[in-house]
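Working notes, structure below.
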Amino acid sequence: MRETIPIYTPAALKPRKGPSTAAKSTIDSLVSIDWQKIYDKSIAWRHQLHQIPELGYQEKLTSDAIAGVLKQLRIPYKRGFGGGTGILAQIDGRGDRCVALRADMDALPVTELTGREWQSRHPGMMHACGHDGHMAIALGAATALMHIRKQLQGKVKILFQPAEEGLNGAERMCRDGVLENPDVDAIFGLHGWPGLPVGTIGYRPGVFLAAVDSLVIEIHGKGTHAASPHHGADPIACGAALVQALAGLLASNIDPIDTVVLTIGTFNAGRASNVVPESATLSGTLRTLAPATRSQAVRLIQHTCHTVAATHRCKATCRFTSATPTTVNPASEADFLRKTASALLSAEKVVEFHQPFLWSEDFAYYLKRVPGCFFVLGVRPPGKREYPMLHNPLYDFPDAALPAGIRLMAELAYSRLARP
């Protein structure tokens, strides 16, 4: 999950009314499963995966570890998807329908400060976004589904996807055909969320997460001695003016009702204090909820780069280097998630967000192709008013959140296949 925002405010939630007691899970009515044993194994898997974080498209050790677990569970799988490290596992039931569950695999270039026994062994990298928890949940759900495979009214694909953190690994997985042969009828994915208590589910029908475009602005000036700046064209001064111009650009030109956020996150230029450099480079993100707003913002940004650079006798080019579309949950699948989670966990533990969030998820690429639902799983421990935010060096996906994630993902797969 890319660049999250602070935890929710109570106004961001819409409580759901319903029974206060969770019903017995459908899976438990089919066969007796030792859930505690699955939870214990999942904790061990998470701790193992947490120690070997790897960046996007480099998840070789992670992929090997997952393949090893799948082999122990006797779950058939194929490797080499999504750039090489992705895995597609499949549990075959009796029918032709197919449901997919997705877990992301990559870590972040963050130095871990948690001090846990299972802390990262790879310097400068950690699972600061909790993907170790997502993988452990997927493996736990797969374990449970293997116990009831003879009762499954179809097939379940488990997608272990690389490169979610801004690299759109989901798009490459789709291009590699993970949603085909057999065709996936519905897909579900989750993400740990510090803004909700452990075991609570948050969701939203319709637009849930923003589209995010990454952009790079390259400014070309003319280098010179610092004593004679008039002989050159200063790209640093141009960049500073451009940052200021962009700060108020969208607010004054786009309807305030249309959500749009532009952030300049890096500014790199020069290597010596007495030299006006030849060039400067800025980078940032553009976040929108509607295609029309995105198109308008792109045009405004590019025009402003050109005009501001010209006033400083420089040239500037703005490239949009990658794009993640909005994450849109079909209303019917979101309602199916709500009903399933309410029956399993209790209605009080299922909350509907009444407004979208401006972080992004490449799960959007799956939802552009097949129906499904992306939702969040609370990870804030009991008794705590706050918990380290995602992408924070102190963040650690709590083991206490695994049971709810495992039970719900397994139940979603079984019940969606059984739905008329």
Side-chain angles (χ1 to χ4, degrees), residues 2-5 56 109 163 165-168 171 207 209-326 356-360 362 364-365 391:
R2 298 174 59 189
E3 304 172 21
T4 59
I5 61 175
E165 294 290 351
L167 298 174
N168 291 333
E171 185 179 27
V207 177
L209 305 175
V212 174
D213 292 272
S214 297
L215 59 98
V216 175
I217 301 171
E218 296 177 341
I219 303 171
H220 300 280
K222 182 179 179 182
T224 186
H225 196 290
S228 53
H230 57 291
H231 288 283
D234 191 347
I236 294 180
C238 176
L242 185 55
V243 171
Q244 290 293 324
L246 291 174
L249 171 71
L250 303 182
S252 59
N253 287 276
I254 292 180
D255 191 328
I257 296 176
D258 298 329
T259 302
V260 57
V261 174
L262 173 65
T263 302
I264 300 299
T266 69
F267 190 146
N268 296 292
R271 299 183 63 185
S273 61
N274 61 346
V275 175
V276 173
E278 283 280 321
S279 62
T281 302
L282 288 68
S283 68
T285 58
L286 172 69
R287 300 167 188 273
T288 55
L289 296 176
T293 306
R294 176 191 178 277
S295 297
Q296 183 183 4
V298 168
R299 290 194 301 270
L300 286 168
I301 293 167
Q302 291 175 332
H303 178 72
T304 301
C305 287
H306 175 75
T307 55
V308 170
T311 63
H312 287 78
R313 295 178 291 118
C314 295
K315 293 182 179 181
T317 58
C318 178
R319 295 182 293 108
F320 286 84
T321 57
S322 67
T324 303
T326 51
F357 288 98
L358 292 182
W359 30 271
S360 72
D362 70 356
Y365 284 103
H391 295 202

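Worth saying up front: this structure is predicted, and the values here are computed from it rather than measured.
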Exercise. If we only count heavy atoms from C-beta on, is the S283 to T266 side-chain gap below 4.5 Å?
Worked result: yes

Problem set entry | Side chains of H231 and H225 in contact at under 4.5 Å (non-hydrogen atoms) | no

Problem set entry | Distance (rounded to the nearest 0.5 Å) between D255 CG and Q296 CD | 8.5 Å

Exercise. Does any non-hydrogen side-chain atom of L209 lie less than 4.5 Å from one of S360?
Worked result: no

Problem set entry | Validation row: L262, L215 side chains within 4.5 angstrom (heavy atoms) | yes

Problem set entry | Gap separating the CZ atom of R299 from the CG atom of N253, nearest 0.5 angstrom | 11.5 Å

Problem set entry | Any residue meeting side-chain hydrogen bond (donor to acceptor under 3.5 Å, both in side chains) with T304, in chain and number order, not counting sequence neighbours | none

Exercise. Hey, does the side chain of R313 reach the backbone of G232 with a donor-acceptor pair shorter than 3.5 angstrom?
Worked result: yes

Problem set entry | Test item: T311 and C238 side chains (from C-beta on) under 4.5 Å apart, heavy atoms | no

For this session: Working to the nearest 0.5 Å, report the span between CD1 of I219 and NE2 of H312.
Result: 9.0 Å

Seminar exercise, completed: Between the OG1 atom in T224 and the CG atom in D234, the distance rounded to the nearest 0.5 Å is 10.0 Å

For this session: Kindly compute the distance separating CD (E218) from SG (C305), expressed to the nearest 0.5 Å.
Result: 11.0 Å

Exercise. Do the side chains of L289 and L358 get nearer than 4.5 Å, heavy atoms only?
Worked result: yes

Exercise. Is T293 close to T259 at the side-chain level, that is, under 4.5 Å between some pair of heavy atoms?
Worked result: no

Exercise. Is there side-chain contact between L246 and L282, with heavy atoms separated by less than 4.5 Å?
Worked result: no

